[in-house]
Amino acid sequence: MAYAYTPFPYSPPPGLTAPEPRHPVVIVGAGPIGLSMAVDLALRGVKSVVLDDNNVVSLGSRAICWAKRTLEIFDRLGIGERMLEKGVTWKVGRQFHGAREVYNFDLLPEPGHKYPAFVNLQQYYVEEYLVERAQDFPDLIDLRFLNKVTDHKGHTDHVELTVETPDGPYTLETDWYIACDGAGSATRKRMNLPFEGQTFDEHFLIADVEMETSPFGDHDTPERWFWFAPPFHNGQSALLHKQPDNIYRIDLQLGPETDPKAEATEQKVVPRLKQMLGEAPFRLDWMSVYKFRCARLEKFVHDRVVFVGDSAHVVSPFGARGGNGGVQDVDNLGWKLAAVVHGDARPSLIETYNIERGHGADENMRHSARATNFMTPKSPIEALFRDQVLTLASEHPFARKLINSGRLSQPCSLAHSPLQTAGDAPLRPGSALIDAPLIGARGESWLLREVQGQFTLLAVGEIAAPEVPGLDRIGVGQSHDRYRCFDDHQGHAQRRYGSGFLYLLRPDGHVCAVFDQPDSAAIARAFDRAKGAAA
Amino acid sequence: MILDDNLGPEGDCVYAALMAAHEGLSEAESHSLNARLVLMLANEVGDPARLEALFKAARSLA
């Protein structure tokens, strides 16, 4: 069934009639990134105003593949379970060359995780859930639809904005301006900031179809199917995903010599889809013909203007690194911005967002550009090597790993960040946490649920967590009367974290220091460093 | 990276075997075989730093 778009209500903002006091945070853009930012800040008691020029959720499914790490962040924000319930869970990818399967991968072969490798869910549902979640914080989140920012002027300690509404313009002042206004960011354009990288010439058709008969066959096991030289399409590649509501996502590579206007019509698209789907009836739900690029801003922080998500960096869609990368930006920035707004950290802490997520953006762009180069060879010799990889892959395991139809989103390591303290343990500083099932005084739980959101000292197995001022402690696989302890009943936590280690965990679910001795002075030093004392 | 002789007395033999591997193939088929060989040898070497040095040394003569 097609998604029913319900407009969000507009009400005239107070700034139309009287000047508003300066706001701590204004978020520009109510897409998945802007809304996540507002919810993250609200959970930390920080007020924000969210401005959006539109008043409905995303038109078309757009971002659909939400990675495990993103789901864990959404769990903290309060919509993860809803996404899991509605979305389509998958973890296996199959790659075909012609009609023949040459390689498949399982992204999460082991049990003991709350969230799967991937959940497919249309961006409009994610935005709907986030808007409803934001409405849980009426005193902290001020959602203003049909409020279009037409100008802004940055100062060293605040930003002035001009906003257009159906009732005319008004002005706002804010300590922090968070630009979540997407790939075409008007904020970025007004500031005339270079957005540089690699452009790809190939056109792709993206289409959502609703159908009762599953293109995955009788069992309808949702997976990610990718074809090189598909037998049903006169082009280099094709991709198939399942979404909720019997909607299937199809990507067809069209080549560089394509007229996007002529291609994005039902007359052209329906016959192409029929070649793939056969005679089974389907309804075309949404389509788009696009080219893509990998590009980023040199700096994500410009005094009090901070770029988050696609406004800061864009990648090709193969690998699901756009939306997932943006949610990780939010996770990284949220606790830092809250600490600065509350006066617990200096504004220079925000610079570490630029360093850490700039590193993440580079990693995402590198993976995405390599996948795109593999899928769209630029010269006869690139095509020759690509084809020979596919030929070798049917016989030899080493070549299967070289097939690149997108390396799917993984959290990037923060190992080289100035906030980390070097050390050695099964999970090293800079790594994203790995979930594990636990049992505590209040029943079953998950490691991530217990530790995400604030700095935590986690003691695993045969070691006690010393008291460090301002730091929460929890124990796993041990008992202690001064802090909460959990039973590692399936042994997953100790398999993943070892025994006899202390882990200092960041609010964004990354390890920032590890210890094999309960040295409270060393832990306090690492804690100060992680909060930006050296930044 | 080894650019001094590493094949010893077997050099002529290896060269002849490489030519034999190409015998009877069209030029296009031979190019494909070479591409497969490069990929297989890269996996055989298995060391990214050594491979990078080899790629650079080969490129320097282009």
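Residue numbers begin at 1 in each chain, while the letters A, B, ... track the order of the sequences.
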Checklist entry - Say you draw a straight line from CE of Met40(B) to CD of Gln388(A); how long is it, rounded to the nearest 0.5 Å? => result 11.0 Å
Next on the checklist: As an exercise, state the distance from CZ of Phe398(A) to CD of Glu44(B), rounded to the nearest 0.5 Å.
Outcome noted: 9.5 Å
Item to check | Qualifying residue for side chain to side chain contact (heavy atoms under 4.5 Å, CB included) with Ser32(B), from Thr391(A), Asp387(A), Leu384(A) | outcome: Leu384(A)
Checklist entry - Quick check: are there more than 12 heavy atoms from other residues, nucleotides or ligands sitting under 6.0 Å from CG of Asp5(B)? => result yes
Checklist entry - So does Asn234(A) have more than 12 non-hydrogen atoms from other groups sitting under 6.0 Å from CG? => result no
Next on the checklist: Is Ile381(A) in contact with chain B via its backbone, its side chain, both, or neither, using a 4.5 Å heavy-atom distance?
Outcome noted: neither
Checklist entry - With a cut-off of 6.0 Å (strictly less than), are more than 12 heavy atoms of other residues, nucleotides or ligands near NE2 of His416(A)? => result no
